[in-house]
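Beneath this line is the structure, given in structure tokens, with notes to follow.
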Number of protein chains: 2
Amino acid sequence: MMRNDDGSGTRQEILGAAAEIIGTYGYFAASVDRIITLAQVAPGELYSQFDSKDALAQEIIAVRDQRAAEVRRAAASSGAPALETLIDESMALAALRDSDVFCLAGDRLLREVDDTWDVVAASRTRDRAEFALLLRDARREGHLAGGSEGQPDAVDAETGGTGTGGREGRAQAQEDALAQVVLAAVIGAGVSARAVRDARDAVTVLERLWLLLLPGLVPEHLRPRYIDAVGRSARLHRRQQLP
Amino acid sequence: MMRNDDGSGTRQEILGAAAEIIGTYGYFAASVDRIITLAQVAPGELYSQFDSKDALAQEIIAVRDQRAAEVRRAAASSGAPALETLIDESMALAALRDSDVFCLAGDRLLREVDDTWDVVAASRTRDRAEFALLLRDARREGHLAGGSEGQPDAVDAETGGTGTGGREGRAQAQEDALAQVVLAAVIGAGVSARAVRDARDAVTVLERLWLLLLPGLVPEHLRPRYIDAVGRSARLHRRQQLP
């Protein structure tokens, strides 16, 4: 689908072919020969555009990150409260993998090469930082309970409550920790949805997670509203996953 | 460390060398040549023991699963309530990867090849089934809130509350869904801990997740007990991760 009928090769066609091959076979098993054959270009044409398979892979991750940023902008433009935006963003990111070949390949690259490449760490770190920012806004909006209701503040158990920043510092530690949990859940939901037979899809795993988190996360009077928001977002992104 | 001084090769030495190479380079980049060199055996010796690199990889996953089963037995033998056992098991599984070369390599294999191999799906499915069984026991022990406190039952949002099994069926659906969330979190905690600079380690991500889940998960009078249990388990398994 990324090829012209006359077989002429362009940078975009090579990249599309690389995404298809890497999405199917994975980074390490994807051969440049296969990419060249699918793109219907000469080897010289590929190497005049990209130094190596690495360069192709890094550009695929860049395209995936661009799509992730678009997903973020779309979620943020809704004008919804920050925590609703975060919930919607997490499900949109989980659904992204199924939406096009660059996202599928990018997701696979992020998983396969993650302990060796700087570009992967940068991509994951950016996702987490975005989550943490939204959580900070959510606290400002009064949508995070944060132990203010007499529930034990979970972060105290971790820091021993001795942070020099006091209440403010504890709140920020909670937001960073929660951002890491959300990132882990988004990644894990994707991997486990692929690996487990009869698994719920990634969006449904996240829906379930958010519903389980809400009682400890948002003030009681906002819970019905957030239960609705989680269900609405899951329905929307499950629909987008269908072919 | 898996070699004898006289350089003689055995099945166990070949497997140990394969685990070291696969743990370091990943499945696809791991070459049989490298494994042969590290194990100090002749190619014929390797192929008389293992048909292929695939066979080596599958046996490494089997060893990893065996260690996971040992972790499970150790957690279950504590005589603790089922939910405490589940919490401890999840952290032990997350810490496993750092405990020896077979677990590190097995974890990497589970991640890299997960959408193609039956043995991977079987391994993940077994993990999830074990989690679901423990959750069923936890409900019998009265340690799962399950909407009984007037909190919205999260599963109703998913099933529409129309399951023919009624309350029993909803409870089982909640346990299966929660088991999937725990599996996703264990996997995601491991991947994100590797990928993100200055990330909390996998055990701490899970500690944080459990503390966030407790308010929606366990009856109020059991919360202080479980906050203690989560902290205790995290301290134990973080210590085991240290070299």
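Since the model is a prediction, treat every value here as computed from it, not as a measurement.
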Closest non-hydrogen atom pair between B:Ala184 and A:Val205, with its separation: CB-CG1, 3.9 Å
CG-CG distance between A:Leu212 and B:Leu217, expressed to the nearest 0.5 angstrom: 6.5 Å
Shortest non-hydrogen separation from B:Leu178 to A:Arg208 and the atoms involved: N-NE, 4.3 Å
CG on B:Leu213 to CG on A:Leu214, rounded to 0.5 Å: 11.0 Å
